[in-house]
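Each residue takes its place number in the sequence, starting with 1.
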Amino acid sequence: MKSLWFLVFPILIFCQGLIFLELLAQEKKKPLCSTFSDCLEKAEKTDIHRRKVQFFTEAEAVWKKSDSEPILYKVLWQMANSIVKEALGDTGYKGETILKVTHTEAYKKEQFSKANSILNRVTKKREFFTEEEWNEIVKLQGLIPSE
């Protein structure tokens, strides 16, 4: 009987560990922001492009018709802009030392593809942008290498 206990006890501990990990995995992430305007406000407060993309992505997820469609498309444009800048190595960090990074070609290709997809949506709504904004969108598209 004693030898059986030494076999069962480690199995019980292992199962408890698996259950604990499963519970952690199921725990819902707290949203970055609660409303569309809250997300935009937080995105404006940071210079870090990856963080901006997170806030813009969350803004798109919580957007409602009452939040104005033109503003949504301007947010999408800003998201694409941050994605492209980050893929090109500009982290957005400010300070004494400007932090630049180099990404793998596969990562850059994936990011450029995301940005291109977003810009394809944006360019279908030309009427939402001023001439100056439209020129910036065209410049941004020019920074994305063709596949």
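To the nearest 0.5 angstrom, Y107 atom OH is 7.5 Å from E110 atom CD. The CG atom of L88 sits 9.5 Å away from the NE2 atom of H49 when rounded to the nearest 0.5 Å. Atom OG of residue S68 and atom NZ of residue K74 lie 8.5 Å apart, to the nearest 0.5 angstrom. Distance CD/E136 to CZ/F129: 12.0 Å, rounded to 0.5 Å. Residue I83 holds its CD1 atom at 12.5 Å from NZ of K85, rounded to the nearest 0.5 Å. Between L119 atom CG and I137 atom CD1 the span is 7.0 Å, to the nearest 0.5 Å.
Using a distance-only test at 3.5 Å, with no hydrogens or angles considered, no donor-acceptor pair links the side chain of R121 to the main chain of K124. In this structure a side-chain-to-backbone donor-acceptor pair under 3.5 Å is missing from S82 to M79. Not a single donor-acceptor pair under 3.5 Å links the side chain of D67 to the backbone N or O of W63. The backbone N or O of K109 lies less than 3.5 Å from no partner atom in the side chain of S113, so there is not a single donor-acceptor pair.
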**OP:** Dump the intermediate steps for side chain to side chain contact (heavy atoms under 4.5 Å, CB included) on Y93 and D47, then the final yes or no.
**Re:** CA-CA 6 Å; Y93 287 98; D47 294 322; over 6 Å; no
**OP:** Give the intermediate values and the outcome of side chain to side chain contact (heavy atoms under 4.5 Å, CB included) for residues L72 and F128.
**Re:** CA-CA 10 Å; L72 172 65; F128 294 155; over 6 Å; no
Subject >> Criterion side chain to side chain contact (heavy atoms under 4.5 Å, CB included) on L76 and F56, from CA distance to verdict >> reply: CA-CA 7 Å; L76 292 174; F56 291 143; over 6 Å; no
**OP:** Kindly determine whether I71 and L40 satisfy side chain to side chain contact (heavy atoms under 4.5 Å, CB included), including the steps that lead there.
**Re:** CA-CA 10 Å; I71 293 173; L40 297 186; 4.0 Å; yes
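The minimum heavy-atom distance linking E133 with T130 is given by the pair OE1-N, 2.9 Å. Nearest heavy atom pair, residue C39 against residue V62, reads SG-CG2, 4.1 Å. Nearest heavy atom pair, residue D90 against residue G92, reads OD1-N, 3.0 Å. Residues D38 and C33 approach most closely at OD2-CB, 3.1 Å, considering heavy atoms.
F112 places a side-chain heavy atom less than 4.5 Å from the side chain of V84. Considering only heavy atoms from C-beta on, W77 comes within 4.5 Å of L140 through its side chain.
Between E41 and K45 there is a salt bridge, with a side-chain nitrogen of the basic residue lying less than 4.0 Å from a carboxylate oxygen of the acidic one. Between E86 and K52 there is no salt bridge, since none of the side-chain N atoms of the basic residue sits less than 4.0 Å from a carboxylate O of the acidic one. Under a 4.0 Å N-O distance rule, the pair K64/E69 does not qualify as a salt bridge.
Side chains of K108 and Q111: no donor on one and acceptor on the other come within 3.5 Å.
Within a 6.0 Å radius of CD in E132, other residues, nucleotides and ligands contribute 12 heavy atoms or fewer.
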